[in-house]
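Since the structure comes first, as structure tokens, the remarks are kept for the end.
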Amino acid sequence: MLHPQQHTTAFIKEGTLMPMLRSFKLFISSLGFLALLYACSTTQVTPTVEQDPAVVGIDTAVHFFTPAGEDVVVLPGAYEVYAEKGGLRLIAEEGTSAETLLIEATPTDHKQTVDHPMAVTLTNKKNNQVIILLLPNGKGWETWGSRSGVHSRAAKRPHVPEAEVTRQLNIKNQRRALQTQLILSSASVTYKGSRRPYNGSKSKHTWQLPINDTIGSGTFTFAWAGFWEKSARQPSLIPNKITAIQEIVKKKHCCIKLMIDGKETPLHRVSFGKGGTLRTRVKLTKARAKTWPKTIKLTLIKGKNRWESPTTKIYADTISYYTSVLHPIFSHERCTTCHMLGDRQAIVAMHEDRLGAGNYPDVEEAKPHNPEFCGSCHNIPSGSSHTSMDLQNEWFSPDHVQGINWKGWSPSRVCQKVTGPFTDKNGNVGSAVDLTHHFHDDPRILWAVSSGWVPFNRPDLAVPLKNKLHRWFSKVDPWVAAGAPCPSKSKFFQRARRTVPGKFFPRR
Ligand code: HEC
Ligand code: HEC
């Protein structure tokens, strides 16, 4: 849908804190970056700007302190910024109004002329991100965050130079003043193996696109429509009605340029779409959720004609790969049944339920972590079709104390547990182990995923991927390679996690 009041102006490109620049090289690169910004950023004059709140765009997770001194993480997104007793209030633009956070800030003065509150943000090479709220009366608020999370509340802050604030403000205003004719009207992505496209959405100032946190490659379609000015009866143009643009669509390599994060990206397909929009399709390979937000911009140049879009920022609305692909397996009863056998009582009860009362030895040895005993039955006979799976001395259940009886847990909780520190059978919280190794080599997991063989010639139990271990590997490997990302509870704010997440489970 077209919205008459487009302003990517709300997104502040990060600048660089000049006095903190140590190296000349960095200085040059930041100049180049700015030059690019001036050249590319274009947007529409918005007459109603006064009513807009100050908005700041956060591009990577930044740690801040709350007024109470708690370390909190603000995740990528656009935030409205308000001064409040005790600090700055951030309200996630795309969230519900409940998604807000108060962060610690200090009062400051400024010499900028602003007729309504404006927010700018700057970063320096020390991984600090500063947000400054400028009020019309020359007063303001300043807060320092850290991208690395290594920060202290007591640190002495250098004063952010007025010139730098001016520069950031200029960039913001400049972008607002530039006129453009094309505007992003829809965005979607399709991942390999599924034909279903995920559609992006726009609300207020921000575009969001569902992006996978594990799969990097996808086909992205961006559709462009004419800009619709608020007072106008019709859009500035309808792409498929314009001869020069029709010619461009016929010969896609000519005259059309899609810039993603300032880099020209080869177009896979150019066509006309719904409502006469111009559809551009690109294949991206390194586009996991972590790599967003990205900016996109379209330019068409044909003879004397030139059409372009503003530089438009798109945030990831993260799709959790763990939740959609792996959790159905992790929560399968082949996994959860063994994981619930945390004591003798549970082990005996499960077997008696299956085999009939009295058909299972209720003895002291029937306990977790006792492969010798369990193996007396759970031993795949040689010569069977399951011999490739060696359960010798590997068939046993985990003790309750290990806290992995995860039946009914949320995907987020199971994921945090599995990627977090491992608790051994004695309750000792241990260190990191290699995930790939265990997903590939642990015979209990391989049994539960693809075999389901049980003793006494009873029929195999149902498993998620019968005899298809390669499919298990192809599901789990990309996730481990992507750093085993877990679904996060909030898309906007998080409490900083102090524990260093270990990998899971040692070989015993
Ligand atoms: C035969 C019993 C059994 C089955 C079946 C089983 N597990 Fe386990 N699992 C265990 C035991 C025992 C441990 C603890 C190992 C240890 O203490 O060395 C464990 C530990 C784990 C851990 C490590 C947990 C942590 O705290 O880091 C993961 C992950 C795991 N299992 C996943 C699975 C998945 C996924 C399945 C199903 C595909 C599965 N398991 C099926 C017995 C089983
Ligand atoms: C006396 C033989 C015997 C012993 C000893 C034995 N089991 Fe079993 N177990 C069985 C049989 C038979 C089944 C298959 C039940 C069925 O058909 O549902 C089974 C099934 C299982 C299952 C699969 C349950 C499911 O739904 O996924 C697990 C897990 C299991 N046993 C764990 C253990 C553990 C742990 C021990 C050692 C403490 C153990 N068993 C000792 C006979 C035994």
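Start at 1 with the first residue, then count along the sequence. Ligands are counted one by one from 1 in listed order, and the atoms in each one are counted from 1 as well.
Under the 4.0 angstrom criterion for non-hydrogen atoms, Leu461 is in contact with ligand 2. The closest approach between any non-hydrogen atom of Trp447 and ligand 2 is below 4.0 Å. Residue contacts with ligand 2 include Met350, since one of its heavy atoms falls under 4.0 Å from the ligand. Heavy-atom separations between Ile404 and ligand 1 include at least one value shorter than 4.0 Å. The shortest separation from a heavy atom of Gln402 to ligand 1 is under 4.0 Å, placing the residue in contact.
For the residue pair Thr100 and Arg89, a side-chain donor N or O sits within less than 3.5 Å of a side-chain acceptor on the partner. With 3.5 Å as the limit, one finds no donor-acceptor pair spanning the side chains of Asn359 and His351.
Below 30°, between 30° and 60°, or above 60°: for Trp395 and His378 the angle between ring planes is below 30°, a parallel geometry. By the 30° and 60° cut-offs, the orientation of the rings of Phe220 relative to Phe222 is parallel.
For the residues His351, Arg444, Glu372, His369, the heavy atom positioned nearest atom 42 (C) of ligand 2 is part of His351. When the heavy atoms of Ala366, Cys338, Ser397 are ranked by distance to atom 29 (C) of ligand 2, first place goes to Cys338.
Against a heavy-atom cut-off of under 4.0 Å, Ile347 is close to the following atoms of ligand 2: 38 (C). Of all atoms in ligand 2, numbered sequentially from 1 with element shown, those under 4.0 Å from a heavy atom of Leu341 are 29 (C), 32 (C). Against a heavy-atom cut-off of under 4.0 Å, Thr337 is close to the following atoms of ligand 2: 24 (C), 25 (C), 26 (O), 27 (O).
The protein atom (non-hydrogen) at minimum distance from atom 17 (O) of ligand 2 is Arg458 NE, 2.6 Å. Closest protein heavy atom to atom 3 (C) of ligand 2: Cys377 SG, 2.8 Å. Remark: minimum distance from atom 36 (C) of ligand 2 to any protein heavy atom is reached at Cys374 SG, 2.7 Å.
Note: Phe493 and Tyr79 meet the aromatic proximity criterion, with ring centroids under 6.0 Å apart.
With a heavy-atom cut-off of 4.0 Å, His438 does not touch ligand 1 at all. With a heavy-atom cut-off of 4.0 Å, Trp395 touches ligand 1 through its side chain alone.
Around atom CD of Glu364, no more than 12 heavy atoms belonging to other residues, nucleotides or ligands sit under 6.0 Å away. Residue Gln345 qualifies as open at atom CD: its count of foreign heavy atoms under 6.0 Å is 12 or below. Atom CZ of Arg195 has 12 or fewer neighbouring heavy atoms from other residues, nucleotides or ligands inside a 6.0 Å radius.
Just one of His339, Lys417, His369 meets the side-chain hydrogen bond (donor to acceptor under 3.5 Å, both in side chains) condition when paired with Gln402; it is His369. Just one residue in the list Asp59, Thr121, Thr60, Thr143 forms a side-chain hydrogen bond (donor to acceptor under 3.5 Å, both in side chains) with Gln129, and that residue is Thr121.
Close N/O approach between Arg354 and ligand 2 is found [any backbone or side-chain N/O within under 3.5 Å]. The shortest N/O to N/O separation between Arg334 and ligand 1 does not fall below 3.5 Å. At under 3.5 Å, not a single nitrogen or oxygen of Trp406, backbone or side chain, sits near a nitrogen or oxygen of ligand 1. Checked by distance only, ligand 2 and His378 come closer than 3.5 Å through their nitrogen or oxygen atoms.
Using a cutoff of 4.0 Å between basic side-chain nitrogens and carboxylate oxygens, Arg344 and Asp362 are scored as salt-bridged.
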